[in-house]
Peer 1: 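Got a structure here, written out as structure tokens. Questions coming.
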Amino acid sequence: MAAAGLKAAGGSVWKSGGVGLQLVAAAASTHSCASKGSVDGRAGCSQPRAHQHQSAGHSPPPPPSLNGKVKRAGDSSHAATAPLGSPVEGVDTKSYLWARYHEMKKLVYDLLPPGVCSLLNPAAIYANNEISLGDVEIYGFDYDYTLAQYSNLLHSMIFNTARDILIEQFKYPEGLRKYEYIPGFAIRGLHYDVHKGPSIKQFMDIFSLPEMTLLSSVTDYFMTHNIEYDQVHLYKDISDAIKDVHVKGMMYKWIEKDMEKYILHGDETYAVLNRLVNHNKKLFLITNSPFSFVDKGMKHMVGKNWRDLFDMVIVQADKPNFFTDRRKPFRKMDEKGSLHWDKISKLEKGKIYKQGNLFDFLRLTGWRGSKVLYFGDHLYSDLADLMLRHGWRTGAIVPELETEIRIINTEQYMHSLTWQQALTGLLERMQMYQDAESRQVLLEWMKERQEIRSLSKNLFNPQFGSIFRTFHNPTYFSRRLIRFSDIYMASISCLLNYDVNFTFYPRRTPLQHEAPLWMDQLCTGCMKTPFLEEMVHIR
């Protein structure tokens, strides 16, 4: 029921893709191809179409000879001449279009033999810029969702506690208790229209997932029960309730009480840090979390002597202000949390520091430029200023990447995407046929293409699709990821798969005018069909 809440007239959820903001409906549309399965195990729609008669024993019309007489487009509205593959005289265009359709479909699936899937490695590191680890001397880390990865149980606790705060402290309806956290309901990168344009909230933090789910749940309750509400008040109350969970230390207590339940992959964190130290790399930690919490978590993952691995440990840093505000000085603190009053003239190994600012950090350490590589999960709070203003190399930790790659590697997704690309090319090339029967064929193709696009999107998330892509466009999150990170990966443990001197090279991705010459087109069959030869004649 929470999904319906995102349809609120006042507050709208947006997923950014392309050149502007695209409004995303909360409830996923039901498409016949998604609900009824695919044709012969392939991506497609179960609606009856001419192309499905083939499997029922009806052979499609044979493709006409390509060596026959070529017809030129007689309609002055067509700027392009007819392709060499045009139907010859005596062959109706409808039969010709379906013949080309079946020819393309066979070619596409011939290009995807068994085993072609699973091409992407979920444990790989992906590069936006060229970077050699051999040039990196100093490694920096955030803590939450960088060194420490958390289970979905933590999000459920945040959701339930904030929901109860709304009921007990903000006097929201008791009926809200029936709502529970839905893992995978929301995705990062969404935008919430708080006040119809003047105020837009971006949800870029992993910790924002329970907030988005609670926001939609409360909205759903009010809409279902026809209760009027002010969307600005609603957003502020939910934001304050979520903030209470963090500021009052509730989350820290849950994790400290049962670390096995909440912290994931601790042994891998130890392996990464230990390996870097053994190769004479310097390590530092800058986190907004308090020392007592970090200390207990690192002892759980790395061991009681974890601080011996780090040259600098800075807690409660108040990022992103740490990177921009020069006014807060460093303060030394002991293991009990007591602050010292002395002025900090150097940062010492083994000591703990609170607050501070990056400008003093650079002055006291001399760690500047591309020899520093810093890892974090928040594109703004952790990475943006370091890359844009200070020239550090940056690595983004994107836990969602692992799940998305596993979906991409499925046969269903691979076939859906490849056939969608091929069908798009077919539509583009055959649209010159505008007689009544041909237009009907093209409309069927357009409908099928839209159904496949929706099916592919829903494989990632029924409400919002992939965190990285809105159909053919990268999402706002994806564009920020490319801008603010040199490399990105699902977790810190991915570093274990690479030599400490490994060089990452970004792949050249095609612009739209480069696409016909791209290797991606080989996968769709466009360069292995007569279409490429035909396009030469179009001016």
Side-chain angles (χ1 to χ4, degrees), residues 138-148 201-202 204-208 239-240 242-252 282-298 306-307 309-369 371-397 484-485:
I138 304 130
Y139 284 76
F141 301 92
D142 179 34
Y143 180 72
D144 294 303
Y145 281 108
T146 301
L147 292 180
K201 164 67 177 178
Q202 300 176 26
M204 303 294 278
D205 190 355
I206 297 176
F207 282 126
S208 67
S239 180
D240 288 345
I242 292 286
K243 189 180 298 182
D244 274 356
V245 175
H246 295 277
V247 172
K248 293 182 179 180
M250 301 178 195
M251 183 187 77
Y252 301 139
K282 295 183 181 296
L283 306 184
F284 66 93
L285 173 66
I286 303 178
T287 176
N288 287 348
S289 293
F291 174 73
S292 61
F293 172 70
V294 174
D295 184 49
K296 291 174 182 176
M298 290 299 287
W306 70 271
R307 284 164 54 198
L309 300 174
F310 288 86
D311 292 84
M312 309 291 168
V313 175
I314 300 167
V315 298
Q316 292 177 270
D318 190 28
K319 295 180 293 182
N321 295 327
F322 179 88
F323 299 124
T324 58
D325 190 344
R326 299 172 180 261
R327 293 172 295 178
K328 290 184 178 179
F330 283 107
R331 294 198 69 175
K332 192 183 299 182
M333 63 186 301
D334 59 30
E335 294 186 14
K336 295 181 180 179
S338 299
L339 293 172
H340 295 197
W341 49 263
D342 52 321
K343 182 177 180 180
I344 304 300
S345 58
K346 60 180 179 179
L347 297 175
E348 303 175 76
K349 182 178 174 64
K351 303 298 182 182
I352 310 157
Y353 299 92
K354 179 181 177 181
Q355 294 182 343
N357 63 83
L358 183 65
F359 303 93
D360 284 344
F361 181 88
L362 297 176
R363 177 176 56 83
L364 295 172
T365 63
W367 293 348
R368 298 177 181 275
K371 66 181 179 180
V372 185
L373 172 57
Y374 185 80
F375 292 92
D377 67 286
H378 199 297
L379 301 182
Y380 296 143
S381 297
D382 290 323
L383 307 182
D385 287 305
L386 292 177
M387 169 174 275
L388 299 180
R389 302 180 62 181
H390 300 285
W392 285 11
R393 309 311 295 266
T394 56
I397 304 301
F484 298 145
S485 66

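Since we're looking at a predicted model, the values are computed, not measured.
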Peer 1: Should the ring pair Tyr380 and His378 be called parallel, tilted or perpendicular, given that the plane angle runs from 0 to 90° and is split at 30 and 60?
Peer 2: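 The arrangement is tilted - the two ring planes meet at 30° to 60°.
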
Peer 1: Go through the steps for His390 and Phe359 under the test ring-ring contact (aromatic ring centres under 6.0 Å, His included), then give the verdict.
Peer 2: CA-CA 10 Å; His390 300 285; Phe359 303 93; 5.5 Å; yes

Peer 1: Any chance you could measure Phe375, atom CZ, to Thr394, atom OG1, to the nearest 0.5 Å?
Peer 2: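 Going from the CZ atom of Phe375 to the OG1 atom of Thr394 covers 9.0 Å.
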
Peer 1: On a heavy-atom basis, which atom in Lys319 and which in Asn288 lie closest, and how many Å separate them?
Peer 2: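 That would be N-OD1, 2.7 Å.
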
Peer 1: Find the distance between NZ (Lys282) and CD1 (Ile138) and round it off to the nearest 0.5 Å.
Peer 2: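 Reported value, rounded in 0.5 Å steps: 7.5 Å.
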
Peer 1: Asp385 and Thr324: side-chain donor and acceptor closer than 3.5 Å?
Peer 2: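 No, no side-chain donor-acceptor contact under 3.5 Å.
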
Peer 1: Could you list the donor-acceptor pairs under 3.5 angstrom formed between side-chain atoms of residues 335-347 and any protein atom two or more places apart in sequence or on another chain?
Peer 2:
{"unit_1": "Glu335", "atom_1": "OE2", "unit_2": "Arg307", "atom_2": "NH1", "d": "2.8"}

Peer 1: List the residues meeting ring pair (Phe, Tyr, Trp, His ring centres under 6.0 Å) with Tyr143, not counting sequence neighbours, and say none if there are none.
Peer 2: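 Tyr143 satisfies ring pair (Phe, Tyr, Trp, His ring centres under 6.0 Å) with Phe293 only.
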
Peer 1: Which pair of heavy atoms, one from Tyr374 and one from Leu386, lies closest together, and at what distance?
Peer 2: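 The answer is CD2-CD1, 3.5 Å.
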
Peer 1: Going by the angle between their ring planes, with limits at 30° and 60°, are Phe330 and Phe361 parallel, tilted or perpendicular?
Peer 2: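 Phe330 vs Phe361 ring planes: tilted.
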
Peer 1: Which pair of heavy atoms, one from Phe207 and one from Met251, lies closest together, and at what distance?
Peer 2: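 Looking at all heavy atoms of both residues, the closest pair is CE2-SD, 3.5 Å.
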
Peer 1: Can you tell me how far CG of Leu379 sits from CG of Asp205, rounded to the nearest 0.5 angstrom?
Peer 2: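 Output value for this atom pair is 10.0 Å.
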
Peer 1: May I ask you to check whether over 12 heavy atoms, not counting those of Lys349, lie within 6.0 Å of atom NZ?
Peer 2: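 Atom NZ in Lys349 is crowded, with more than 12 foreign heavy atoms closer than 6.0 Å.
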
Peer 1: Run through Gln355, Lys354, Lys328 and flag the one making a side-chain hydrogen bond (donor to acceptor under 3.5 Å, both in side chains) with Asp318.
Peer 2: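 That would be Lys328; it is the only one of Gln355, Lys354, Lys328 passing the side-chain hydrogen bond (donor to acceptor under 3.5 Å, both in side chains) with Asp318.
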
Peer 1: Quick one: does Leu358's side chain get under 4.5 Å of Arg389's, heavy atoms only?
Peer 2: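 Leu358 does not reach Arg389 side chain to side chain.
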
Peer 1: Between Phe284 and Trp367, how do the two ring planes meet: parallel, tilted or perpendicular, split at 30° and 60°?
Peer 2: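 Correct class here is tilted.
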
Peer 1: If you take all heavy atoms of Phe322 and Ala317, which pair is closest and at what distance?
Peer 2: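 Heavy atoms of Phe322 and Ala317 come nearest at CB-O, 3.3 Å.
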
